[in-house]
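Comments concern the structure below.
Numbers here simply count residues along the sequence, with the first being 1.
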Amino acid sequence: MDLEAPLPKSVSWITRTIGYTVGAVAIGIAWVVTGNLRLGHHYIACMELQGRPGDQKPTAMENARKLVGCVDARAGVVEFLAFRNTKKLFLALPSAPCHYVGTWQAAREASLYQITLAVDGQFLAEPIRTPERDARNLTGSWAVIGRRDSEKMVWLYDEGRVWPPDVNPVKNARADGFTLMEENGSRTEYSLTQKGKCGA
């Protein structure tokens, strides 16, 4: 075997292709990691600018839209890929479809809440039965994105987890109920108790 003989062209091209692919993947990973790190710094800086003393308390949706606008103004080319889905999400908001406006009972495992989804995009969640001793009312903003057959419900809270948004796919939607798929894989079953009023 002649070890000094040149490699066949096919082997040479395969070797180059593998090398270029590995290099491109490494660059892509570095780009995404750097973008996410820089976005994290932007989020922290923008959150510190919000909620100045004496300001009228904005809704969770208003807070989130200001935060996204602030981050977008600071973001550069490196952050583009990491930020584009969040920016796209908020371009579609607010959105409070009439068929969700009303009062619902939300059941998941051992918990039962009464949730009122208002036409102005605000919500109130009141615990009815829950294993948590310190459970209290939750408030914030809600919205829905996507087509009717692939909707996702977006939750923005006034307190607690204020960022990132809680986004849950909607399944089995019908006039009197629907199912939300939670981030941990569990399901919350919503049953309509009182239809809300939409429009004039």
Side-chain angles (χ1 to χ4, degrees), residues 32 36 39 43 47 57-69 71-72 80-132 134-200:
V32 170
N36 280 317
L39 274 181
Y43 278 123
M47 283 180 177
K57 186 176 180 180
T59 66
M61 181 66 72
E62 290 169 341
N63 265 337
R65 289 177 69 87
K66 286 179 184 176
L67 176 63
V68 170
V71 172
D72 187 39
F80 172 75
L81 288 177
F83 189 61
R84 66 177 181 177
N85 286 338
T86 301
K87 185 177 178 180
K88 183 178 178 182
L89 168 67
F90 278 87
L91 286 174
L93 300 180
S95 170
C98 190
H99 56 277
Y100 287 112
V101 174
T103 302
W104 306 78
Q105 281 199 349
R108 180 176 61 196
E109 298 172 352
S111 297
L112 182 66
Y113 275 76
Q114 176 174 284
I115 299 182
T116 302
L117 303 179
V119 70
D120 65 356
Q122 301 307 296
F123 77 83
L124 168 64
E126 304 167 277
I128 297 173
R129 181 182 72 249
T130 174
E132 299 176 19
D134 58 347
R136 54 198 176 95
N137 292 351
L138 299 173
T139 59
S141 302
W142 70 281
V144 175
I145 58 172
R147 300 188 310 270
R148 187 68 187 264
D149 60 344
S150 60
E151 291 177 325
K152 292 181 181 179
M153 191 163 279
V154 180
W155 305 94
L156 295 156
Y157 302 98
D158 289 326
E159 297 179 3
R161 175 186 167 173
V162 296
W163 192 263
D166 188 6
V167 182
N168 308 119
V170 178
K171 302 293 183 183
N172 306 320
R174 53 201 183 280
D176 62 348
F178 59 94
T179 303
L180 281 191
M181 305 299 296
E182 304 294 341
E183 289 182 346
N184 63 5
S186 64
R187 295 169 175 251
T188 304
E189 301 293 338
Y190 282 72
S191 301
L192 183 66
T193 59
Q194 184 177 349
K195 185 66 179 170
K197 293 182 179 179
C198 290

(request) Drop me the distance from Leu112's CG to Ile128's CD1, to the nearest 0.5 angstrom. (result) 4.0 Å
(message) On a heavy-atom basis, which atom in Gly140 and which in Ala60 lie closest, and how many Å separate them?
(response) CA-CB, 4.2 Å
(request) Only counting residues at least two apart or in another chain, list the ones meeting side-chain contact (heavy atoms from CB on, under 4.5 Å) with Arg147. (result) Asp149, Ser150
(message) Any non-hydrogen side-chain atom of Ile145 less than 4.5 Å from a side-chain atom of Leu89?
(response) yes
(request) Among residues two or more places apart or on two chains, list those pairs meeting salt bridge (charged side-chain N to carboxylate O under 4.0 Å, His left out) that have a residue in residues 96-105. (result) none
(request) Mind checking salt bridge (charged side-chain N to carboxylate O under 4.0 Å, His left out) for Asp134 and listing every partner two or more places apart, or none if nothing turns up? (result) none
(message) Going by the rule side-chain hydrogen bond (donor to acceptor under 3.5 Å, both in side chains), which residues pair with Tyr157 if we only count those two or more places apart in sequence or in a different chain?
(response) Asp166
(request) Tell me yes or no: between the side chains of Ser191 and Gln105, is some donor less than 3.5 Å from an acceptor? (result) no
(request) Check whether any side-chain N or O of Arg187 sits under 3.5 Å from a backbone N or O of Ala107 as a donor-acceptor pair, and report yes or no. (result) no
(request) Any chance you could measure Thr116, atom OG1, to Glu126, atom CD, to the nearest 0.5 Å? (result) 6.0 Å
(request) Check Asp158 against Thr59 and note the closest heavy-atom contact, atom names and distance. (result) OD1-C, 4.4 Å
(message) Can a donor-acceptor pair be found, under 3.5 Å and without considering hydrogens, that links the side chain of Lys152 to the backbone of Ala143?
(response) no
(request) Output every pair passing salt bridge (charged side-chain N to carboxylate O under 4.0 Å, His left out) with a member in residues 168-183, not counting sequence neighbours, ordered by first then second residue. (result) Arg108-Glu182, Arg161-Glu183, Arg174-Asp176
(request) Could you check if a side-chain atom of Met153 sits within less than 4.5 angstrom of a side-chain atom of Tyr100, using non-hydrogen atoms only? (result) yes
(request) Apply side-chain contact (heavy atoms from CB on, under 4.5 Å) to Thr86 and list each qualifying residue two or more places apart in sequence or on a separate chain. (result) Tyr43, Val68, Phe83, Phe90, Trp163
(request) Name all residues meeting the side-chain contact (heavy atoms from CB on, under 4.5 Å) criterion together with Val101; count only those two or more places apart in sequence or in a different chain, and write none if there are none. (result) Val119, Trp142, Cys198
(request) State the OG-CD distance between Ser95 and Glu151, to the nearest 0.5 angstrom. (result) 8.5 Å
(request) List in chain and number order the residues that pass side-chain hydrogen bond (donor to acceptor under 3.5 Å, both in side chains) with Thr193, two or more places apart in sequence or in another chain; answer none if no residue qualifies. (result) none
(request) Kindly state each residue pair satisfying salt bridge (charged side-chain N to carboxylate O under 4.0 Å, His left out) with at least one member in residues 136-146, sequence neighbours excluded. (result) Arg136-Glu159
(request) Would you mind listing every salt bridge (charged side-chain N to carboxylate O under 4.0 Å, His left out) that reaches into residues 80-89, with sequence neighbours excluded? (result) Asp72-Lys87
(message) Test your reading of the model: is there a side-chain donor-acceptor pair from Asn172 to the backbone of Thr179, 3.5 Å cut-off?
(response) no
(request) Please examine the side chains of Ser111 and Pro131, heavy atoms only from C-beta on, and report whether any two atoms are closer than 4.5 Å. (result) yes
(request) With the side chain counted from C-beta on, respond yes when Gln122 and Thr139 share a heavy-atom pair under 4.5 Å apart, and no when they do not. (result) no
(message) Quick check: do Thr103 and Gln114 have side-chain heavy atoms less than 4.5 Å from each other?
(response) yes
(request) Report the distance from atom CG of Leu67 to atom CD of Glu62, rounding to the nearest 0.5 Å. (result) 13.5 Å
(request) Output all residues satisfying side-chain contact (heavy atoms from CB on, under 4.5 Å) with Ile115, sequence neighbours left out; order by chain, then residue number. (result) Ala106, Tyr113, Leu117, Ala125, Trp155, Tyr190
(message) To check you understand the geometry: which heavy-atom pair defines the closest contact between His99 and Trp104, and what is its length?
(response) O-CZ2, 3.9 Å
(message) Counting C-beta onward and ignoring hydrogens, is there a side-chain heavy-atom pair between Ser186 and Met181 closer than 4.5 Å?
(response) no
(request) Taking salt bridge (charged side-chain N to carboxylate O under 4.0 Å, His left out) as the test, write out the residues that go with Arg148, two or more places apart. (result) none
